[in-house]
A.B. asks: 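For reference, the structure I am asking about is given below.
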There are 2 protein chains.
Amino acid sequence: MSPQVLSAWLGLLRSHAELTRAMNAQLVAEHGITLNDYDVMVNLENAPGGALRRVDLADRVLLTASGITRLLEGLERAGWVCKRACDSDGRVTYAVLTDAGYEKLKEASRTHHEDIGRMFTDHFSEQELDELSELLGRLVSDPRCMPG
Amino acid sequence: MSPQVLSAWLGLLRSHAELTRAMNAQLVAEHGITLNDYDVMVNLENAPGGALRRVDLADRVLLTASGITRLLEGLERAGWVCKRACDSDGRVTYAVLTDAGYEKLKEASRTHHEDIGRMFTDHFSEQELDELSELLGRLVSDPRCMPG
DNA sequence: GGTGTATACTTGAGCTAGCAACAATCTAGC
DNA sequence: GCTAGATTGTTGCTAGCTCAAGTATACACC
């Protein structure tokens, strides 16, 4: 294995570990939600009607189906998400963002956006950000899930 | 938050999740060890005498001290790592790679190196790999831990 | 229309890792 | 020397997630 590959691989492992840990800690400390909670809610917000099937949610936030079930349990208990049955398919139950959920998300986004922004714009120009996204985008199997 | 930042952040999350999951699954399936197990053993191999303090190990593989204690329990049970006391400091116990550990690591490396290599060289030129490492390297707090 | 397979989701068991609290040891300052 | 604080490591507790198995529904094909 070439040193270039090793360096890229270690860079990915390190940067991910440091950033997610920091972001997660910040969200938990300031808002009492995890990074995955936040991601789920953002995905719901961006979905038409604030609702998504659980499979689709699982695909977007990269959890297994059971992981989603359990994560949503928490959000439902907190009242930020609720269930809704599907008329045309008895198997699916939508996860729907509640009004309280929208509020919570809005509140969390304020500081979270700042923190993420700082973390990246401190180190990169806009052009470099594009470069980085493009390179990382090649590593994901399904480019549809990436914006831009 | 700018769309560029969002895109880079999502790219980091996605690519990391996909790659580590694939790498881990491959290691578990073919060799019965996790990615963290592997990382710990590689770090031990590269250390002088195949030994490291647990704090240093924790720092390198990005686990907390307790995570390291438990991970090493497993490796010790398997006979790949053993403990050694430190003469000059009664608090520290070194983790030492055993002969069996060297063997195991050598065996696992054969396929693992190939898999990592393929994962990156399929998508990047050598120059792009350098670019990627450089960009990711800016995100880690302590650049000393990065090779090159 | 009945059967077989695929899909959506849940549940139980088990694992990994983090946090907080703790014990043991080292070091600096007096 | 002694004390205060820092450092190293372990342990109890818990959260979060995966895997495997199970249930329920949908759909395709004869």
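Note that the structure is predicted; figures quoted are calculated from it, not measured. These numbers come from the heavy atoms of this one structure, side chains and all, not from hydrogens, waters or symmetry mates. Note on naming: letters A, B, ... go to the chains in the order of the sequence lines (proteins, then strands), and numbering restarts at 1 for each one.
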A.B. asks: Do NZ/NE/NH1/NH2 and the carboxylate oxygens of A:Arg54 and A:Glu76 come within less than 4.0 Å?
C.D. replies: yes
A.B. asks: Using chain A heavy atoms and a threshold of under 4.0 Å, write down where along DNA chain D the contacts begin and end, 5' to 3'.
C.D. replies: D:dG16 to D:dA26
A.B. asks: Just how far, in rounded Å, is P of C:dC15 from CZ of A:Arg70?
C.D. replies: 15 Å
A.B. asks: Between A:Asn36 and A:Asp87, which residue's closest nucleotide on DNA chain D lies nearer the 5′ terminus?
C.D. replies: A:Asn36
A.B. asks: Applying a 4.0 Å non-hydrogen cut-off, can you work out what A:Leu63 is touching in the nucleic acid: base, sugar-phosphate, or nothing?
C.D. replies: sugar-phosphate
A.B. asks: Is the shortest side-chain N/O distance from A:Thr69 to OP1 or OP2 of C:dT10 below 4.0 Å?
C.D. replies: yes
A.B. asks: Taking any heavy-atom pair under 4.0 Å as a contact, classify A:Gly67: base, sugar-phosphate, or nothing.
C.D. replies: base
A.B. asks: When you look at A:Arg110 and A:Glu114, which way does the salt bridge (charged side-chain N to carboxylate O under 4.0 Å, His left out) test go after all the steps?
C.D. replies: CA-CA 7 Å; A:Arg110 251 195 306 278; A:Glu114 267 175 39; over 6 Å; no
A.B. asks: Base, sugar-phosphate, or nothing: which does A:Arg21 touch, judged by heavy atoms less than 4.0 Å apart?
C.D. replies: sugar-phosphate
A.B. asks: Does OP1 or OP2 of C:dC9 have a side-chain N or O of A:Arg53 closer than 4.0 Å?
C.D. replies: no
A.B. asks: Fit a plane to each ring of B:His16 and A:His16, take the angle between them on a 0 to 90° scale, and name the class: parallel (under 30°), tilted (30 to 60°) or perpendicular (over 60°).
C.D. replies: parallel
A.B. asks: Any carboxylate oxygen within less than 4.0 angstrom of a Lys/Arg side-chain nitrogen, looking at B:Arg70 and B:Glu73?
C.D. replies: no
A.B. asks: Which whole-number value in Å describes the distance from B:Leu72 CG to C:dT16 C1'?
C.D. replies: 14 Å
A.B. asks: Roughly, in whole Å, what's the span from CG in A:Leu57 to C1' in C:dC9?
C.D. replies: 13 Å
